[in-house]
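Accompanying notes for the structure given below.
Order of the sequence lines sets the chain letters (A, B, ...), proteins ahead of strands, with each chain counted from 1. All of these numbers come straight from a predicted model, not from anything done at the bench.
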Amino acid sequence: MPELPEVEVTRLSLAPHLMGAQIQHLRLGKPLRWPLGTAPERLCDLQVLALRRRGKYLLLDLNQGLLLVHLGMSGSLRFFATTPPPAGAHDHADLQTDLGTLRLHDPRRFGALVYAPQGERDPIAQKLLGHLGLEPLETAFTPRALHAGLQQKKSAIKQVLLAGAVVVGVGNIYASEALFLAKIRPTTRANRISLARATRLHAAIQSVLRQALAAGGSTLRDFRNAQGESGYFIQHAAVYGRAGLPCRDCGTPIRQLLQGQRSSFFCPHCQHV
DNA sequence: CACGGATCCTGATGGC
DNA sequence: TGCCATCAGGATCCGT
């Protein structure tokens, strides 16, 4: 469900509610991808100082340590200013604060809630964040930097984008969309992409992510922001989920293929090598 | 050590 | 209607 835009939309809608909140209780449901890494009681009385994002991770800076939240494939966060409704079968964490309750809903449980007592330099934070590539909407992400990163990778560009070691936050939907905009085939080896084409891809990634952000995140299935509202970007997808349908630019049927167990979509006419 | 594949889990969907 | 196979927005881990 969540790629960078969805996580960022979540962060933006959550920040005003969580800023300065004091944790009173943490209730955990079924296990998530990783254990919390501490006893839930240890978080009591800690205060939320800031809400940041790194790739698809949400980072809650506490006055002692850092709480990392990942939404996996099916996760979403909601904030309840008053008493939340009873937890459902897939509500696996309730972070109760003096300002309200942050609830993590995640049917597939690929998501995670992890406490790093020593903040970003904590080993667990290093393990999860240390290898991440550039933030696509920050100034360090330039056409040259993208090109340089791609030069190091021999795999297909689609898989390099998904891996997050060069640039973070681009998931399965936006990878296909960005490659279509840049007119690059998903199967092209990353190190065979010229500076000119990397420059197009750079612009395409930013354009696709910014559009999705402005639209409030995609809504392929059930993405909701912290207020429970859904976005609508996916209805404008150029290629994602459109196998067999005519390309919006040239009419050629969109093709679907499998790369690393993930579907890719592309127009065989508009996207060369 | 870089790469590709298997893997975690539940729900929705479509074919028979 | 029921049963089964397939697929879904992620990312780590493990074997080669």
Side-chain angles (χ1 to χ4, degrees), chain A residues 1-10 29-35 37 53-58 68-77 88-93 104-114 123-133 149-179 186-187 189-192 205 208-209 211-213 215-225 230-237 239-244 256-265:
Chain A
M1 169 213 296
E3 301 187 27
L4 182 147
E6 290 75 26
V7 178
E8 182 64 9
V9 163
T10 299
K30 287 190 185 181
L32 296 164
R33 175 156 193 181
W34 296 295
R53 179 189 56 72
R54 179 72 176 103
K56 295 168 192 163
Y57 285 90
L58 270 177
L68 295 97
V69 185
H70 199 290
L71 300 178
M73 291 275 252
S74 58
S76 58
L77 288 167
H90 303 302
D91 297 327
H92 300 303
L104 174 62
H105 175 87
D106 186 5
R108 293 178 72 182
R109 292 191 281 128
F110 290 170
L113 182 66
V114 174
I124 187 66
Q126 278 298 310
K127 178 183 134 186
L128 298 180
L129 309 175
H131 62 281
L132 294 182
L150 297 185
Q151 288 298 107
Q152 310 297 115
K153 305 285 177 184
K154 295 180 196 163
S155 325
I157 180 62
K158 164 75 172 355
Q159 299 191 249
V160 170
L161 290 179
L162 284 190
V166 175
V167 56
V168 296
V170 184
N172 205 40
I173 296 179
Y174 302 124
S176 277
E177 292 297 303
L179 288 169
T187 47
R189 311 267 142 195
N191 61 356
R192 308 266 309 271
I205 289 170
V208 160
L209 294 180
Q211 265 193 60
L213 258 174
S218 72
T219 181
L220 179 66
R221 287 207 160 72
D222 54 1
F223 176 70
R224 299 287 145 94
N225 67 13
S230 63
Y232 56 88
F233 170 80
I234 196 61
Q235 295 160 22
H236 309 311
V239 289
Y240 184 84
R242 299 193 67 243
Q256 176 173 7
L257 58 90
L258 223 51
Q259 294 180 284
Q261 286 90 258
R262 313 298 301 279
S263 283
S264 302
F265 301 86

Residue of the set A/Lys158, A/Glu3, A/Glu177 for which side chain to side chain donor-acceptor pair (under 3.5 Å) holds with A/Asn172: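 For A/Asn172, the side chain to side chain donor-acceptor pair (under 3.5 Å) check succeeds only for A/Lys158.
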N/O (side chain, [X]) to phosphate O (OP1/OP2, [N]) under 4.0 Å:
{"X": "A/Lys154", "N": "B/dG4", "result": "no"}
{"X": "A/His90", "N": "B/dT10", "result": "no"}
{"X": "A/Ser263", "N": "C/dA8", "result": "yes"}
{"X": "A/Lys56", "N": "C/dA11", "result": "yes"}
{"X": "A/Tyr174", "N": "C/dG10", "result": "no"}
{"X": "A/Arg262", "N": "C/dA8", "result": "no"}

Considering only atom P, compute the distance from B/dA12 to C/dA11 and round it to an integer number of Å.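 Their P atoms lie roughly 23 Å apart.
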Could you measure between the two P atoms, the one in B/dA6 and the one in C/dT6, and give it in whole Å?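 Approximately 14 Å lies between the P atom of B/dA6 and that of C/dT6.
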When you measure from the side chain of [X], which nucleotide among [options] comes out closest?
{"X": "A/Tyr240", "options": "C/dT12, B/dC9, C/dA8", "value": "C/dA8"}
{"X": "A/Arg189", "options": "B/dG4, C/dG10, C/dA8", "value": "B/dG4"}
{"X": "A/Trp34", "options": "B/dC8, C/dT12, C/dA8", "value": "C/dT12"}
{"X": "A/Met73", "options": "C/dT12, C/dG10, B/dG11", "value": "C/dG10"}
{"X": "A/Arg109", "options": "B/dC9, C/dA8, C/dA11", "value": "B/dC9"}
{"X": "A/Lys127", "options": "C/dC13, C/dA8, B/dT10", "value": "C/dC13"}
{"X": "A/Ile173", "options": "C/dG10, B/dT10, C/dG9", "value": "C/dG9"}
{"X": "A/Phe110", "options": "C/dG9, B/dC8, B/dT10", "value": "B/dC8"}

Is [X] touching bases, backbone alone, or none of the nucleic acid, heavy atoms closer than 4.0 Å?
{"X": "A/Gly171", "value": "sugar-phosphate"}
{"X": "A/Gln159", "value": "nothing"}
{"X": "A/His131", "value": "sugar-phosphate"}
{"X": "A/Gln256", "value": "sugar-phosphate"}

Measure the distance from CG on A/Asn172 to P on C/dA8 and round it to the nearest whole Å.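 Atom-to-atom, A/Asn172 to C/dA8, this comes out as 8 Å.
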Tell me the partner of B/dG14, counting only Watson-Crick (N1-N3 plus N6-O4 or O6-N4) or G-U wobble (N1-O2 and O6-N3) with both under 3.5 Å; none if nothing fits.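 Its partner is C/dC4.
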Taking a pair as Watson-Crick or G-U wobble with both distances under 3.5 Å, which nucleotide is matched to C/dG9?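 WC or wobble partner does not exist here.
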Of A/Tyr57 and A/Leu258, whose closest DNA chain C nucleotide lies nearer the 5' terminus?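 On the 5' side of the pair lies A/Leu258.
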Quick one: does A/Arg109's side chain have a donor or acceptor within less than 3.5 Å of a partner on A/His92's backbone?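 Side chain of A/Arg109 to backbone of A/His92: no pair is present.
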Under the side chain to side chain contact (heavy atoms under 4.5 Å, CB included) test against A/Phe265, which residue among A/Ile173, A/Leu257, A/Val239 passes?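 Answer to the side chain to side chain contact (heavy atoms under 4.5 Å, CB included) test with A/Phe265 among A/Ile173, A/Leu257, A/Val239: A/Val239.
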Of the non-hydrogen atoms in A/Pro186 and A/Ala156, which two are nearest, and what is the gap between them?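 What the structure gives for the nearest pair is O-CB, 3.5 Å.
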Out of curiosity, A/Lys56 NZ to A/Thr10 OG1, how far, rounded to the nearest 0.5 Å?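 If we round to the nearest 0.5 Å, A/Lys56:NZ and A/Thr10:OG1 are 13.5 Å apart.
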